[in-house]
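When a ligand or atom number is given, it counts from 1 through the structure's own listing order.
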Amino acid sequence: MSKITFPKDFLWGVATASYQIEGAWKEDGKGESIWDRFSHIPKKVANGDTGDVACDHYHLYPEDVKLLKELGVKTYRLSISWPRIFPEGKGQPNEKGMEFYKNLIKLLVENDIKPAVTLYHWDLPQKLQDIGGWANREVVDYYEQYARYVFKELGDLVPIWITHNEPWVVSFIGNWEGRHAPGITDFSTALQVSHHLLLSHGKAVRAYREMGFEGEIGITLNLVPVYPDPSSHNEEDAAAAIRRDGFQNRWFLDPVFKGRYPADMINWYSKKVVVPVITQEDLDIISTPVDFLGINYYMPGYIKADPDAWPLELKHVFTGKDRTAMGWEIYPEGLYDLLVRLHKDYNGIKIMVTENGAAFNDIVNREGKVEDDNRLDFLYKHFIQAYRAIQDGVNLTGYYVWSFMDNFEWAEGYAKRFGITYVDYKTQKRIIKKSGHWYKEVIKNNGFEVQFEVGLR
Ligand code: FCB
């Protein structure tokens with residue numbers, strides 16, 4: 001048995017997002033979001049679930065902050081619902097909405113929990129979707145106005161800001177696959193959306209700097225370590241894997257950290273779809289220096305070429321590894337590969353894991369406990385890989401487990417549970433799961449005993 005200890009001041013945390021936990025979907029002047037609209041359309045979300053009530057965090061937040069304290073987290077990542085603050089997306093702010101976040105954030109600060117606030121975790125005001133959503137460049141300006149107002153009100157209380165959560169998902173799941181709000185299925189629109197999201201990111205970073213705050217600001221990307229199908233060794237699959245990396249990872253990383261879109265992807269897209277107009281000025285704004293990169297890691301991608309799959313001509317294959325309840329393959333070493341690669345390709349940037357976790361089919365047992373050994377094991381193995389990366393020089397400074405509690409898992413509704421805290425949606429009772437109790441010890445000891453040296457290469 002050996003003990004691994006993380007660097008001093010390592011930021012252990014948990015994460016959530018507004019639409020997934022708050023509920024109170026039309027209370028105190030909140031406007032409709034695209035997820036309110038989408039989830040009320042029959043068949044869009046499993047079991048007809050909506051975020052109308054969710055974990056009722058809007059009302060139960062004092063109790064939830066107590067739970068965070070009980071877990072001993074150093075930091076809590078939450079997001080702000082834009083339509084709670086600007087019901088119309090722009091114009092007059094709704095003071096009641098801001099009051100909720102102020103109260104919550106003050107309570108966190110009083111309890112010595114660092115708030116990390118995401119400005120956009122997918123709940124666009126529906127009013128802005130009505131004028132074209134993120135495909136309309138005007139929305140970039142409305143986002144900047146929203147960001148400035150939030151910075152003005154909360155900037156002194158919040159040390160860590162995240163402009164966007166997973167712009168890849170917003171662009172391609174929301175506007176190409178259509179499985180998420182707003183449910184559009186057009187690749188060229190999705191590309192346009194991605195450019196505007198990145199532009200709005202850069203504008204928010206500039207605004208934050210201009211306003212003279214001293215905290216840190218970054219962006220969260222969902223990155224996938226990509227490998228060619230391990231069962232075949234051909235050039236087509238290798239090329240498809242590079243394309244997949246361009247589509248998923250470099251399309252977002254390169255503009256932010258290198259001030260350009262990847263040339264191979266611009267070439268590929270130009271032959272197949274409409275590529276957005278991209279000016280040098282846009283690229284300068286997008287590449288405004290950030291303080292850190294947030295990464296959400298859930299699974300690896302094994303790729304095969306597939307000429308019939310327009311427009312990327314590739315598909316995913318499964319390798320037979322264990323999977324979570326989402327069907328996502330479990331590969332902790334992928335986190336190590338990803339971290340080391342980012343460190344190497346992007347100049348040793350400071351990184352935080354802003355999400356990592358797993359859904360499993362939890363049960364409350366006869367003793368009223370949730371013994372989620374599978375989730376505990378998942379976290380244990382991923383923490384070890386994060387530790388290895390730190391040992392190898394990666395500047396990883398924090399780790400947020402997704403999620404603080406079970407919540408509305410987008411198109412999957414409440415059927416998929418990611419929490420280290422169980423939520424009984426009928427009674428709104430919370431139960432810290434076994435993984436949560438274990439995580440509490442990890443935080444307290446800033447590390448843990450490695451009982452079984454799995455993956456510790
Ligand atoms: C990520 C989202 C987060 C959560 C996890 C499981 O893509 O950012 O809100 O749903 O997946």
Side-chain angles (χ1 to χ4, degrees), residues 13-23 33-35 38-39 44-46 49-51 54-55 57 76-82 116-124 162-177 179-181 190 194 197 201 218-225 248-249 252 293-301 316 323-331 334-335 338 352-362 372 374-375 378-379 382 399-421 423 433 435:
V14 287
T16 63
S18 46
Y19 188 70
Q20 296 180 275
I21 64 164
E22 285 176 3
S33 80
I34 57 173
W35 270 95
F38 190 75
S39 66
K44 294 291 185 196
V45 175
D49 290 342
T50 71
C55 309
H57 175 72
Y76 171 52
R77 175 175 176 232
L78 63 114
S79 82
I80 293 188
S81 156
W82 181 350
V117 175
T118 308
L119 285 171
Y120 187 75
H121 201 127
W122 308 355
D123 38 4
L124 185 75
I162 295 164
T163 54
H164 279 281
N165 180 68
E166 304 190 346
W168 179 87
V169 172
V170 176
S171 307
F172 296 103
I173 308 291
N175 292 276
W176 174 39
E177 291 187 15
R179 283 190 289 117
H180 282 185
S194 69
L197 288 167
H201 153 77
I219 187 168
T220 281
L221 304 177
N222 59 311
L223 302 177
V224 177
Q248 173 89 41
N249 303 324
F252 295 89
L293 166 67
I295 66 164
N296 293 353
Y297 174 68
Y298 287 97
M299 67 195 134
H316 279 244
R323 301 207 204 170
T324 69
M326 296 291 280
W328 298 349
E329 282 196 273
I330 302 176
Y331 188 53
L335 176 60
L338 180 63
M352 292 207 281
V353 173
T354 41
E355 285 180 29
N356 172 244
F360 289 108
N361 297 321
D362 300 317
D372 58 338
N374 35 20
R375 185 174 293 102
F378 180 100
L379 294 173
H382 284 78
Y399 204 119
Y400 293 82
V401 170
W402 184 273
S403 176
F404 168 34
M405 58 182 151
D406 296 335
N407 57 48
F408 177 85
E409 177 46 37
W410 309 113
E412 304 294 334
Y414 298 102
K416 299 287 185 270
R417 294 177 176 273
F418 273 91
I420 58 169
T421 306
V423 176
K433 300 178 193 176
S435 60

Inset, instruction - Mind checking whether Met326 contacts ligand 1 via backbone (N, CA, C, O), side chain (CB onward), both or neither, at a 4.0 Å heavy-atom cut-off? - result: neither
Legend entry - Residue, atom name and distance, where the atom is the protein heavy atom closest to atom 7 (O) of ligand 1: Glu166 OE1, 2.5 Å
Inset, instruction - Output yes when Arg77 and Glu355 qualify as a salt bridge under the 4.0 Å nitrogen-oxygen rule, no when they do not. - result: yes
Legend entry - Under-4.0 Å heavy-atom contact with ligand 1, by part of Asn165 that carries it: side chain
Inset, instruction - Would you check if the side chain of Glu166 reaches a backbone N or O of Trp122 as a donor-acceptor pair within less than 3.5 Å? - result: no
Inset, instruction - Around atom 10 (O) of ligand 1, find the nearest protein heavy atom and jot down its residue, atom name and distance. - result: Glu409 OE1, 2.6 Å
Inset, instruction - With heavy atoms of His121 as the reference, note each atom of ligand 1 found under 4.0 Å away. - result: 2 (C), 3 (C), 8 (O), 9 (O)
Legend entry - Proximal atoms of ligand 1 relative to Phe418 (non-hydrogen, under 4.0 Å): 6 (C)
Inset, instruction - Considering the heavy atoms of Trp410, write down every atom of ligand 1 situated less than 4.0 Å from one of them. - result: 3 (C), 4 (C), 9 (O), 10 (O)
Inset, instruction - Would you sort out whether Thr354 and Thr220 count as a side-chain hydrogen bond (donor to acceptor under 3.5 Å, both in side chains), showing the intermediate values? - result: CA-CA 7 Å; Thr354 41; Thr220 281; 3.0 Å; yes
Inset, instruction - Please name the pair of heavy atoms, one in Ser171 and one in Phe252, separated by the smallest distance, quoted to 0.1 Å. - result: OG-CZ, 4.2 Å
Inset, instruction - Measure the distance from atom 3 (C) of ligand 1 to every protein heavy atom, then report the residue, atom name and distance (to 0.1 Å) of the closest one. - result: Glu355 OE1, 3.3 Å
Inset, instruction - Please work out whether the ring planes of Phe360 and Phe378 are parallel, tilted or perpendicular, with thresholds of 30° and 60°. - result: perpendicular
Inset, instruction - Examine Tyr297 together with His382 and report whether their ring centres are nearer than 6.0 Å. - result: yes
Legend entry - Which residue and heavy atom of the protein sit nearest atom 5 (C) of ligand 1, plus the separation: Tyr298 OH, 3.3 Å
Legend entry - Salt bridge Asp362-Lys416, side-chain N to carboxylate O under 4.0 Å: no
